[in-house]
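First the proteins, then the strands, lettered A, B, ... as listed; each starts at 1.
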Amino acid sequence: MAGELPFEKPLAELRKKIDELKKFGTEREIDFTDEIARLEARYEELEKEIYGNLTAAQIMHLARHHARPTTLDYIPLVFTDFIELHGDRVFADDLAIVGGLAKLNGVPVTVVGHQRGKDTKDNIQRFFGSPHPEGFRKALRFMRQANKFGRPIITFIDTKGAYPGDTAEERGQSEAIARNLHEMAMFGVPIICVVIGEGGSGGALALGVGNRVLMLENAIYSVISPNGAASILWKDASKADQAAEAMKITAKDLLGFGVIEEIIPEPHGGAHRDLAVQAEAIKEALWRHLLELKAMSPEQLTSDRYEKFRKVGRFTEAPKAESGSL
Amino acid sequence: MFKDLFQKKKYAVIPSERVNAERPKREIPEGLMNKCPKCGTILFSKELEKNLKVCSTCGHHFRLNAMERIAMTLDDGRLDEIDEDLISEDPLEFPGYAKKLEQQKASSGLKDAIVTGEGEIGGFPVVIGVMSFDFFSGSMGSVVGEKVTRAIERATEKKLPLIMFSTSGGARMQESILSLMQMAKTSAALARFQDEGGLFISVFTDPTLGGVSASFASLGDYNLAEPGAIVGFAGRIVIEQTIRQKLPDNFQTAEFNLKHGQLDKVVHRKEMKAFLTKLLDMHAGKGEPDDGR
């Protein structure tokens, strides 16, 4: 098991034991079939035990796993005929955002997502998947195009957040994010968003105003990174694990709050353990939701999206002491 | 002894130091005077109030709470408040949140970080929202998001202009994802309002950052700001840590944002009401020329 996280150690050790036993058996021509079967069963049990009870902090570490698949890993497996497009037509081509045209089971769609780098060099080019304003405007251009040609929009969310830099501020980081929220609200085409890794703050939401928001089982989504929250709350960024628990950032939490519609299951140990299986699960979910949404008129789609976000929030309306809508 | 070498010497406190240490207390009697945080001028509180809380020496705009802003912006200082009974819950059972909410209510006298309602400016009826930094750093949680959205919906229904005075540290962390979603909720409501021809004037006041800046506050048909107001997405410290450089003093000020094309105008507090009236007037008539030409 390469790249295992601390809580996965017992599994890695057991796997090593099984492999050693198999090797030993082959070398010495001894039949360990029963013993191996017993250990495999134990492995499966342990897997269920560990992955079935992940804490929010453990899920956060899975969401941030260096081998976790990115938007560009999924695109060729979920779609066909991908044509990548570039640039915001104003300033630059922000590589923290990728997108273009593709077909989902033969249906032309616009796909756009955050893109983290695969290695240090790639990450520097892509600003670790944190867009500048030109990135959000690039995404908006693709989405406007989709709206014009009546193509459904599919977004992949995977960012720690919008890039916090001086040049980003000069070019209107706030306005760029706000504009995406504003326009996505009014598009008359289906919008389906999938949080595939980390959904960090406004930079994530700028691709997140969909009719359906789906989340991979081990993805996270929150208003501020747990590290950021920890440094504000406890003046200690290393308490991120603690903040992760407090902030209710997991797919299960968000389903409970009515913020997302569905959790897409991951293979044991996370999406990076089996990219093909994960891509297939995403494709299946996207298609199912797309079929539902394709039956709706542009007006229905806009008002369906409006109602979805309109009802989010928890408050009390005193003095009647009635609980507000969810 | 050798050990004595490492002991801290005890110095006598000389009288002049004692005088200095006590001086600030003597200079600024509680409530009577204020010190300008920018230029250090000592200002009489009464004079400062009369000057709309602007420093008479350097023009620094002191922060206002919602009630002060309403008093100086609306005709006769009159607001018909709406949705005043919305109160934050603690949906995440976030450590310390419930207690902090109570403290903020007590210290600010407000129920949450925004006051909304209807009133008139220069005789023009408007729907208005005024944020207050003194409640939880003006952070946006479910209540702020809901009140902003209801104000927008009211303006849509009644076909009234909408004016928002923003000030906020950002989204309210203690409501995590629910706070984040308020950005989408308010922006979607604005999209509908503006699509139907609604007029939205957004005024940034010091400071407006994060989730409020990156949602409704940046979506004005006209974006205005008070002089010196800090307006931006990320906070200065976070940016300095990211780019590992010190930022210039004027970074993210209203003037900086004006220069970079993010604002229509920086408006002095003394001229704000007159300017808003002028803008409202531009949108009030049906375009008939003067004296029937």
Check against side chain to side chain contact (heavy atoms under 4.5 Å, CB included), M183(B) and I177(A):
CA-CA 10 Å; M183(B) 294 170 64; I177(A) 294 169; 4.3 Å; yes
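- Only the side chain of L247(B) comes within less than 4.5 Å of a heavy atom in chain A; its backbone stays farther off.
- Of the two parts of D195(B), only the side chain, counted from C-beta on, holds a non-hydrogen atom closer than 4.5 Å to a non-hydrogen atom of chain A.
- Proximity of I177(B) to S222(A): side-chain heavy atoms (C-beta onward) are nowhere separated by under 4.5 Å.
- Contact tally against chain A (heavy-atom pairs below 4.5 Å) for R192(B), R172(B), E84(B): the top residue is R192(B).
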Chi angles and distances behind the side chain to side chain contact (heavy atoms under 4.5 Å, CB included) call for F315(A), D112(B):
CA-CA 11 Å; F315(A) 51 85; D112(B) 215 293; over 6 Å; no
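- The candidate with the highest count of non-hydrogen atom pairs below 4.5 Å against chain B, out of G165(A), A185(A), G202(A), is G165(A).
- Using a 4.5 Å cut-off between heavy atoms, P95(B) touches chain A through its side chain atoms alone.
- Interface remark: of the candidates G170(B), A234(B), P91(B), A191(B), A191(B) forms the most heavy-atom pairs closer than 4.5 Å to chain A.
- Between the side chains of E169(A) and Q252(B), at least one donor-acceptor pair of N or O atoms lies under 3.5 Å.
- Of all heavy-atom pairs spanning A214(B) and L181(A), the tightest one is O-CD1, 3.7 Å.
- Rounding to the nearest 0.5 angstrom, the gap separating the OG atom in S215(B) from the NE2 atom in H182(A) is 11.0 Å.
- Counting heavy-atom pairs under 4.5 Å between each of E175(B), M181(B), K111(B) and chain A puts M181(B) at the top.
- Shortest non-hydrogen contact noted between S179(B) and V223(A) is CB-CG2, 4.3 Å.
- If you measure heavy-atom distances from A217(B) to chain A, you find no contacts under 4.5 Å at all.
- Across all their heavy atoms, F256(B) and E170(A) have their closest contact at CZ-CG, 3.4 Å.
- Contact of E153(B) with chain A is made through the side chain alone, with heavy-atom distances under 4.5 Å.
- For Q194(B), the part lying under 4.5 angstrom from a heavy atom of chain A is the side chain only.
- Residue contact with chain B, scored on non-hydrogen atoms closer than 4.5 Å, involves the backbone of R171(A) exclusively.
- With chain A as partner, the option from G145(B), A184(B), G261(B), G96(B) having the largest number of non-hydrogen pairs under 4.5 angstrom is A184(B).
- Chain B forms more heavy-atom pairs under 4.5 Å with one residue of N180(A), I232(A), D166(A) than with any other, namely D166(A).
- With a 4.5 angstrom heavy-atom cutoff, I243(B) touches chain A only via side-chain atoms.
- Electrostatic pairing of R314(A) and E146(B) does not count as a salt bridge here, judged by no charged N lying under 4.0 Å from a carboxylate O.
- Residue contact with chain B, scored on non-hydrogen atoms closer than 4.5 Å, involves the backbone and the side chain of Y221(A) alike.
- S303(A) touches chain B through backbone and side chain together, each having a heavy atom under 4.5 Å away.
- Ranking E175(A), M186(A), R179(A), Q173(A) against chain B, the residue ahead of the rest is M186(A), based on heavy-atom pairs under 4.5 Å.
- The two residues K185(B) and V312(A) come nearest to each other via the heavy atoms NZ-O, 3.0 Å.
- For the pair S142(B) and G313(A), the tightest heavy-atom approach, listed with the atom from each and the gap, is OG-CA, 3.4 Å.
- Of the residues considered (S174(A), G161(A), A178(A)), S174(A) shows the highest number of contacts with chain B, using heavy-atom pairs under 4.5 Å.
- Here the side chain of S176(B) pairs no donor or acceptor atom with the backbone of K248(A) at under 3.5 angstrom.
- The side-chain heavy atoms of F94(B) and L233(A), taken from C-beta on, include a pair separated by under 4.5 Å.
- Closest approach of L180(B) to L205(A), counting heavy atoms only: O-CD2, 3.3 Å.
- With a 4.5 angstrom heavy-atom cutoff, Q174(B) touches chain A only via side-chain atoms.
- Contact annotation for R236(B): neither backbone nor side-chain heavy atoms come within less than 4.5 Å of a heavy atom of chain A.
- In the displayed structure, E93(B) atom CD is contacted under 6.0 Å by at most 12 heavy atoms of other residues, nucleotides or ligands.
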Would D253(A) and L92(B) satisfy side chain to side chain contact (heavy atoms under 4.5 Å, CB included), going step by step from the backbone distance to the final call?
CA-CA 9 Å; D253(A) 292 323; L92(B) 275 60; over 6 Å; no
